[in-house]
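Start at 1 with the first residue, then count along the sequence. No hydrogens, no waters, no symmetry mates; every other heavy atom, side chains included, goes into these values. Both counts, for ligands and for their atoms, begin at 1 and track the order of listing.
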Amino acid sequence: MAKTHITMKVNGTEVEGLVEPRTLLVHFIRENLQMTGTHIGCETTHCGACTVDIDGMSIKSCTMFAVQAEGSDVTTIEGMANADGSLSALQEGFRMMHGLQCGFCTPGMILRAHRLLKENPSPTEAEIRMGISGNICRCTGYQNIVKAIQYAAAKINGTQFQEAAE
Ligand code: FES
Ligand code: FES
């Protein structure tokens, strides 16, 4: 099949590649760019393990063709750490609050939480749960993911961390 030349910005760096029109963005990210933090957990657009940030939106990259991301600005989990290599507030929150176990959902969960906190910098517990409802986790039971996002929100806002009620 004829291939198309695409360019986009990924984690601040211009990248390019030759892809078939049918190539899913998640496969372009994982196989062409060798950024394997973005995961695939389903084939029905439910799990959100493939979530990346594209032009200010949380996008399930299994449900977008790479050619559709032409010219866009993409952030993956590999781009989430601070410039000095330290963990971002969300990454730190997931570690501090034990918001991961196997870690398979975590890249997508963090990318979704990243956009959620831009959309709503001080979400309630219910808003966090609704806000990550496109991301499935089989390990944590979600409770500590909620705490991790609350931790990150407090750190970003410079406020006191309020744990979700148990
Ligand atoms: S891999 Fe499950 S939603 Fe994309
Ligand atoms: S930590 Fe295992 S799926 Fe979420």
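- When each atom of ligand 1 is checked for a heavy atom of G41 under 4.0 Å away, the hits are 1 (S).
- Near G103, the atoms of ligand 2 lying under 4.0 angstrom from a non-hydrogen atom of the residue are 1 (S), 2 (Fe).
- Residue H46 touches ligand 1 through its backbone alone, judged by heavy-atom distances below 4.0 Å.
- In this pair, H39 and F104 present their aromatic rings parallel. The plane angle is below 30°, not in the 30 to 60° band.
- Between R112 and T51, the side chains place no donor N or O within less than 3.5 Å of an acceptor N or O (distance only, hydrogens not considered).
- With hydrogens and angles left out, the side-chain atoms of S88 and Q91 include a donor and acceptor closer than 3.5 Å.
- The protein non-hydrogen atom at the shortest distance from atom 3 (S) of ligand 1 is G48 N, 3.2 Å.
- Applying the 6.0 Å contact sphere to CE of M96 captures no more than 12 heavy atoms from other residues, nucleotides or ligands.
- Contact atoms of ligand 1 toward C50: 1 (S), 3 (S), 4 (Fe) (distance under 4.0 Å to a heavy atom of the residue).
- At least one N/O/S atom of C137, whether from backbone or side chain, sits less than 2.8 Å from atom 4 (Fe) of ligand 2.
- Residue-ligand proximity, R138 to ligand 2, at heavy-atom distances under 4.0 Å covers atoms 3 (S).
- For E125 and K147, the salt-bridge test fails: no basic side-chain N is under 4.0 Å from an acidic carboxylate O.
- Those atoms of ligand 1 with a heavy atom of C47 less than 4.0 angstrom away are 1 (S), 2 (Fe), 3 (S).
- Distances below 4.0 Å separate heavy atoms of C62 from the following atoms of ligand 1: 1 (S), 3 (S), 4 (Fe).
- Between the side chains of T7 and E70, at least one donor N or O sits under 3.5 Å from an acceptor N or O.
- T75 has its side chain out of reach of V52: every pair of non-hydrogen atoms, C-beta onward, lies at least 4.5 Å apart.
- Atom 4 (Fe) of ligand 2 has no N, O or S atom of C139 inside 2.8 Å of it.
- Atom 1 (S) of ligand 2 has Q101 N, 3.2 Å as its closest protein atom, hydrogens excluded (heavy atom only).
- Using modelled atom types, one finds a donor on one side chain and an acceptor on the other under 3.5 Å when comparing N82 with S86.
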